[in-house]
Amino acid sequence: MAVKVKSRKILQMVTAYPLGKSVFDLQKEMGLPSIINLSEIENVFGCSPYVKNHLTQQLDHLFTYPDGSARLLTAKLAEFLNVKSDRLFIGNGSDEIIRLLLRAFLNAGDEAVMAEITFPRYKTNVTIEGGRPVLVPLIEGKHDLDGMLLSITEKTKLIFVCNPNNPTGTIVEKKKLDDFISKVPEHILVVLDEAYYEYVMNDEYLQSVPYLKKYSNLVILRTFSKVYGLAGLRIGYGLMDPFIAEELNKVKEVFNVNQLAQAAAISALDDQEFRVECVERNEEGKRFLENELTKMGYTFFPTHANFMMIHTGQPGDVVRNELLKNGILVKSGSALGYPDAIRVTISSMQDNHYFIKCLKNIESGNGGIS
Ligand SMILES: Cc1ncc(COP(=O)(O)O)c(C=O)c1O
C-alpha cells in the first residue's frame, strides 16, 4: 500500500546516517572467526574496571527515572573542571548537545559555519532545523580559521570548530584559535567540539575552559564516549554560559541521560589512572603506526587523537575490503571526503602490528595474510 503521509519537506535534503552492517553480520557473511573493529572511534581498551563495579550497584534502581538534572555528575564535573555547576549541561552523548544547540539557537534560514570535512552531525542537524550549513574547506586537513571568519554574514548564528577534527585528527594552533575566538562577534555561538580533548598531548593545544569567563558565546563540548570508554551508555557534556544551559534545558527531553550513564560517568572521573594509561597506550600506538607507515611511504594527517587518516594512494574502499578479508574493519575515506584514504582507530600494540602486517601484504599484492 502506498504511503500517503508526508514528512517535513526539509527531510528530502537529509539522509540517515549510514550505519552499515553490524560487525556481527559482517563476521558471519565473511566467515571470519573474529573482527578487529577499528572503524568506529572507540576506546579499544574498554572502560575502567572501577566503573563496571559501580554499575552493578545501580541495578536495584532501574525502576526509578534518572535525575533529569544529573545533579551528582554535574557537581562532580564542576569540581573536576573547576567551573560553576550552572555552566554545565549533561547530554545523551555530545551528539545530543549539538542537536539541542541548533534546536535552541538556529532559526530557519540562519547560517552555521563549519569545516567542509568534519563531524557530519553538525551539517545534518543544521539542515534539519532549516538552516544553511556554510562549508569552509580544510587546509591540509586543518580548519581554516581565517576562511571561517570571512564566511560570517549577518545570517551566521553558530560556528563549529572540531578540535581535534574528526576525521583528520588535526588541531588548530593555540594562538590562531585564541585570535579567532576574539574576532567572532559576540552574538554568534562558537562551538568548540573537544570530543578527543583528553588524548591531545601537544603544547599547541588551547586550554579552552578559562575562556568561558571572557566569552559568553563560547560552548565547549566533551564526551565520556572516547577516552573514558563509555560510548555504549551515551553521555557527554557541554560547558557554556548559564544562559545557554538554561535555553538547552527548555528543549531537552526531561530524562535525557539514563541513570547508568550518569553513575558510570561519576566513577569514570574517579579513575583518572585508567584515563592516563589509555592515553599513554594510545601515544605508543600512534608512534608505532607513524613510524611504520612512514617507512612504507604512506602519508597521513598529523593526528592528536586516537585515530589516523592514512592516504592509501588507491581507493580507500579497496583497501578497506582487503583489510576486512583479514578480519580488520576500518573506515574507508570515501564516506569521509577522502576517497583515497582510510581512517583507522589506534589500537592495542598487538592489533596495530597485525594491521601493519596486513597492509604490507596488501601492498605487495598478496591480498593479506589469511
Ligand atoms: C568530533 C565528535 N564530536 C562528537 C561526537 C559524538 O560523541 P558522543 O555523542 O558519543 O558523545 C563524536 C563521535 O564520534 C565526534 O567524533
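Atom set for the values below is all heavy atoms of this structure, side chains included, hydrogens, waters and symmetry mates excluded. Start at 1 and go down the list; that is how both ligands and their atoms are numbered. Note that this is a predicted model, so its numbers are computed, not measured.
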Original post:
Considering only heavy atoms of Cys162, which atoms of ligand 1 have at least one such atom less than 4.0 Å away?
Top reply: 1 (C)

**OP:** Return the residue, atom name and 0.1 Å-rounded distance of the protein heavy atom closest to atom 6 (C) of ligand 1.
**Re:** Ser94 OG, 3.4 Å

**OP:** Would you confirm whether Gln27, through its side chain, and Pro33, through its main-chain N or O, come within 3.5 Å as a donor-acceptor pair?
**Re:** yes

**OP:** Check the angle between the aromatic planes of Tyr338 and His311 and answer parallel, tilted or perpendicular using the 30° and 60° thresholds.
**Re:** perpendicular

Original post:
If you measure only the distance, is there a donor-acceptor pair under 3.5 Å linking the side chains of Arg343 and Asn166?
Top reply: yes

Original post:
Within the structure, does Asn166 bring an N/O atom to less than 3.5 angstrom of an N/O atom in ligand 1?
Top reply: yes

Original post:
In the protein, which heavy atom is nearest to atom 5 (C) of ligand 1, and how far is it?
Top reply: Phe119 CZ, 3.3 Å

**OP:** Specify whether Tyr199 and Tyr196 have parallel, tilted or perpendicular ring planes, treating 30° as the upper limit for parallel and 60° as the lower limit for perpendicular.
**Re:** tilted

Original post:
So, Glu290 versus Tyr298: side-chain donor-acceptor pair below 3.5 Å or not?
Top reply: no

Original post:
Closer than 4.0 angstrom: is that true for some heavy atom of Ala231 and an atom of ligand 1?
Top reply: no

Original post:
Is it the side chain (CB and beyond), the backbone, both or neither of Phe224 that lies under 4.0 Å from ligand 1, heavy atoms counted?
Top reply: neither

Residues 272-283 side chain polar contacts: donor-acceptor under 3.5 Å, at least two apart:
| unit_1 | atom_1 | unit_2 | atom_2 | d |
| --- | --- | --- | --- | --- |
| Gln272 | OE1 | Arg275 | NE | 2.4 |
| Gln272 | OE1 | Arg275 | NH2 | 3.1 |
| Gln272 | NE2 | Tyr228 | OH | 3.2 |
| Gln272 | NE2 | Leu269 | O | 2.9 |
| Asn282 | ND2 | Ala305 | O | 3.1 |
| Glu283 | OE2 | Lys286 | NZ | 3.0 |

**OP:** Answer yes or no for Asp193: is there a heavy-atom contact with ligand 1 below 4.0 Å?
**Re:** yes

Original post:
Any heavy atom of Gly93 sitting closer than 4.0 Å to ligand 1?
Top reply: yes

**OP:** Answer whether the closest heavy-atom distance between the side chains of Arg234 and Glu96 falls below 4.5 Å.
**Re:** no

Original post:
Can you say whether the rings of His353 and Phe288 are parallel (under 30°), tilted (30 to 60°) or perpendicular (over 60°)?
Top reply: tilted

Original post:
Should the proximity of Arg121 to ligand 1, defined as any heavy atom under 4.0 Å, be assigned to the side chain, the backbone, both, or neither?
Top reply: neither

**OP:** Please report which non-hydrogen protein atom sits nearest to atom 10 (O) of ligand 1, along with the residue it belongs to and the distance in Å to one decimal place.
**Re:** Ser225 OG, 2.6 Å

Original post:
Identify the closest protein heavy atom to atom 9 (O) of ligand 1: which residue and atom is it, and at what distance?
Top reply: Arg234 NH2, 2.7 Å

Original post:
So which protein heavy atom does atom 14 (O) of ligand 1 come closest to, and at what separation?
Top reply: Lys226 NZ, 2.9 Å

